[in-house]
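Here is the naming used below: chain letters follow the sequence lines, and residue numbers restart at 1 for every chain. The basis for the numbers below is simple: all heavy atoms, side chains too, and nothing from hydrogens, waters or symmetry mates. Fair warning: this is a prediction, and the values are worked out from it, not measured in the lab.
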Number of protein chains: 2
Amino acid sequence: MKALSIKDIALKANVSITTVSFIINGKAKEKSISDAVIKKVQKIIIDSGYKPNQIARSLRTGNSNIIGLIIEDISNSFFSRIARLIEDKAYKRGYKIIYSSTENNVEKAQELINLFKSRKVDAYIISPIKGIEEDIQLLLNEHKPVILFDRNLPELNTNYVGANHFVASYQGVESFIRQGKKSIALVTIDIDVQQIIERYEGYKKALIDYAIPVDEELVLKIPFNQPEVETIKQIKHLFKAKKIDAVLFATNYLAISGLKVLKQINKKIDDQFAVIGYDDHEAFELHTPSISTIQQPLEEIAETIIKLILNQLSSKTKLPDQQIIIPAKLILRK
Amino acid sequence: MKALSIKDIALKANVSITTVSFIINGKAKEKSISDAVIKKVQKIIIDSGYKPNQIARSLRTGNSNIIGLIIEDISNSFFSRIARLIEDKAYKRGYKIIYSSTENNVEKAQELINLFKSRKVDAYIISPIKGIEEDIQLLLNEHKPVILFDRNLPELNTNYVGANHFVASYQGVESFIRQGKKSIALVTIDIDVQQIIERYEGYKKALIDYAIPVDEELVLKIPFNQPEVETIKQIKHLFKAKKIDAVLFATNYLAISGLKVLKQINKKIDDQFAVIGYDDHEAFELHTPSISTIQQPLEEIAETIIKLILNQLSSKTKLPDQQIIIPAKLILRK
DNA sequence: TTGATATACTAAAACGTTTTACTTAAAATT
DNA sequence: AATTTTAAGTAAAACGTTTTAGTATATCAA
């Protein structure tokens with residue numbers, strides 16, 4: 001049983017395909033189709049359950065009403081939450097989102113961009129990784145709206161929405177210092193992306209501003225994409241080797257691993273030892289004691305991204321690029 | 001700068017479009033195209049960076065190498081983890097996944113099915129809700145492979161992959177009873193889907209088998225989709241109103257809410273009070289004490305789903321429907 | 001030498017839309 | 001009465017592929 005086509009509808013209504021198309025696309029008035037015909041065709045469409053073939057439509061028009069979302073890993077709660085928010089907001093405005101994970105793998109990211117490109121998505125929301133600058137530049141050359149988020153690629157002239165990681169990280173460390181901490185560790189990730197570097201810079205700047213010597217041995221850079229057991233081993237080693245009274249984790253999964261270590265070595269979080277996580281996670285609030293964290297304003301980030309996209313899609317001329325930095329919030333928990 | 005088309009390649013190579021198409025699709029040998037021509041065309045394709053337009057391809061062939069995944073909520077870790085696994089496995093076999101959340105909203109689910117249908121996805125993986133039986137039946141009528149997972153719709157003749165919730169729930173309660181618990185609560189969700197009902201049935205059966213009277217007041221059915229504050233209120237009320245020594249939560253987010261309540265009312269999990277969650281969650285392991293849980297074998301579920309789909313896609317005849325029930329595992333933690 | 005078969009390739013239809021550039025008749029304007 | 005404008009619609013091209021049904025030449029078997 002083949003699906004109905006516009007031809008079938010035209011046949012049934014005894015009008016031309018063109019007329020049906022005009023009616024479907026709301027151009028009936030402007031193309032001076034009579035009310036009687038409009039009514040008749042609309043009734044047939046409803047009764048028959050006809051749905052236009054979007055593939056044919058896309059082939060003809062070159063667009064799709066679909067926005068492609070490329071993220072690092074959908075199973076990370078930061079990304080899945082933001083994906084959900086973006087999806088909701090886009091949906092309300094008549095756009096669908098399709099998303100896929102890169103796993104921080106350059107080839108996979110490139111393939112995804114090509115997949116989305118060949119599917120003619122109207123715009124791209126990308127949490128990028130180093131190595132895909134050229135591929136993104138190609139999108140920009142084709143005048144496709146591209147919004148980077150979470151991580152910026154400064155060499156690219158496009159839009160970016162992200163949190164102020166430098167300030168957030170600075171404030172986290174500052175709060176440690178105000179509690180009288182002196183030996184403050186940073187567990188971060190060994191990857192050359194701007195937002196991670198900013199977190200490190202914020203950490204360093206705070207120490208310097210408060211005249212605390214920066215000890216590089218207190219900075220643990222976890223290799224990217226390594227199995228969690230390894231990460232746990234390294235964090236455990238740091239905690240044992242150095243006398244530490246506070247630790248800032250640069251991502252939520254590092255913090256989760258860190259909390260597992262604390263549990264394993266039976267080290268308590270208390271007046272002697274403080275922890276701040278990043279990006280929040282349900283486990284943080286629930287933990288005993290609750291874990292303070294640097295919270296990115298997901299709702300606001302999602303909203304900003306969607307607004308930027310829609311502005312661009314509705315404007316015929318290229319809008320100026322915007323770099324929107326949204327403050328992150330330090331949530332202190334006891 | 002328009003994208004290259006097959007026509008451009010044909011022109012450059014001084015051959016027909018047909019020849020190029022055969023070469024692209026690996027049919028050159030079978031269509032007896034000479035090696036020299038194959039080489040020449042392939043070189044031009046590589047050098048020019050030509051990528052076939054998938055939309056045109058889909059329009060012509062009616063398929064897309066894309067599998068549609070429809071889930072309840074991508075921000076729920078059960079779904080985001082399984083989405084990630086499915087994505088990985090499909091990707092390795094040359095299929096892409098596009099996914100979207102229904103939020104348990106019938107209309108949204110229907111729209112998504114229509115979206116995917118109009119995008120000509122080759123197969124559907126659906127975590128269904130009541131009310132979309134007809135829409136799914138339409139897919140089946142069109143002979144599209146459909147795999148339901150997590151929840152079954154028994155009135156539909158199609159494939160299903162899910163965990164054995166009845167047994168899992170039974171075993172959870174049984175383990176409570178073996179610990180000497182008598183007043184065992186179930187916090188579940190008020191929704192008419194099979195896998196949730198099974199969890200309730202397993203709970204009841206275990207109590208009956210061990211001659212413990214079933215007290216309906218110990219079963220809290222949380223309305224679906226209500227804000228978490230409400231849920232917390234209701235659980236708090238249950239814990240205060242009744243003398244309870246064990247509680248089984250029927251989903252991971254209910255367990256999370258329950259743990260928040262325990263924290264708020266400062267009730268400890270210890271020899272006097274036991275908790276089992278469902279579907280696992282990073283917070284469970286990290287919690288002090290760690291929370292036991294009923295773990296669905298995500299990896300196995302994902303693998304089974306993909307296998308079923310690929311079998312169907314590669315078979316010309318309709319394969320018999322399969323209902324695959326995979327045991328869930330009770331993970332006891334201290 | 002003739003008909004069959006293999007080799008090497010191609011023209012054109014088809015997929016289902018949108019959109020441009022018409023046509024035809026009626027109404028309005030001069 | 002002749003011309004212009006408006007109303008109501010339509011034919012056909014175009015989007016970029018895949019695939020069917022060829023064609024033309026060379027080779028082979030009888």
Take B/D88 and A/E103 through the side-chain contact (heavy atoms from CB on, under 4.5 Å) test and state the conclusion after the steps. CA-CA 10 Å; B/D88 274 9; A/E103 301 162 52; 3.0 Å; yes
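- Helix-axis bend for the helix from C/dT1-D/dA30 to C/dT30-D/dA1: the local axis fitted to the five terminal pairs at one end deviates from that at the other end by 50°, rounded to 10°.
- One finds no salt bridge joining B/E300 and B/K89 here, because no Lys/Arg side-chain nitrogen approaches an Asp/Glu carboxylate oxygen to under 4.0 Å.
- Distances shown here put a side-chain N or O of A/T19 below 4.0 Å from the OP1 or OP2 atom of D/dT10.
- Note on A/K120: nothing from the nucleic acid sits closer than 4.0 angstrom, heavy atoms only.
- Between A/Y124 and A/F116, the ring planes are tilted. Angles from 30° to 60° get that label.
- Projected onto DNA chain C by closest heavy-atom contact, B/S32 and B/A56 fall at different nucleotides, the more 5' of which corresponds to B/S32.
- A/N104 and A/T102 share no side-chain donor-acceptor pair at under 3.5 Å.
- Backbone-only contact: A/S34 has heavy atoms under 4.0 Å from sugar-phosphate atoms and none from a base.
- B/I6 has its CD1 atom 12 Å from the C1' atom of D/dT19, to the nearest Å.
- In this structure, A/K29 reaches neither bases nor backbone, as no heavy-atom distance under 4.0 Å exists between it and the strands shown.
- The interatomic distance linking A/E30 (CD) with D/dT6 (C1') rounds to 15 Å, in whole Å.
- Nearest-nucleotide positions on DNA chain C for A/Y50 and B/D35 put B/D35 closer to the 5' end.
- On the nucleic acid side, DNA chain C has its first and last nucleotide under 4.0 Å of a heavy atom of chain A at C/dG16 to C/dT20, going 5' to 3'.
- Counting only N and O atoms by type, the side chains of A/T19 and A/S16 include a donor and acceptor under 3.5 Å apart.
- Between the CD1 atom of A/I33 and the C1' atom of D/dA7 there is a distance of 10 Å, rounded to whole Å.
- Side-chain atoms of B/Q54 and B/S64 include no donor-acceptor pair closer than 3.5 Å.
- Distance CZ (A/F22) to P (D/dG9): 12 Å, rounded to an integer number of Å.
- With no hydrogens or angles considered, a side-chain donor-acceptor pair links B/E87 and B/Y99 at under 3.5 Å.
- Taking side-chain N and O atoms only, A/K31 has no distance below 4.0 Å to OP1 or OP2 of D/dA7.
- For the residue pair A/Q110 / A/D135, a side-chain donor-acceptor distance below 3.5 Å is found, with atom types taken as modelled.
- Across all strands shown, B/S5 has heavy atoms under 4.0 Å from sugar-phosphate atoms exclusively, and none from any base.
- Heavy atoms of B/I24 sit nowhere under 4.0 angstrom from any nucleic acid atom.
- Remark: the A/S58 side chain and the A/R119 side chain contain no N/O donor-acceptor pair separated by less than 3.5 Å.
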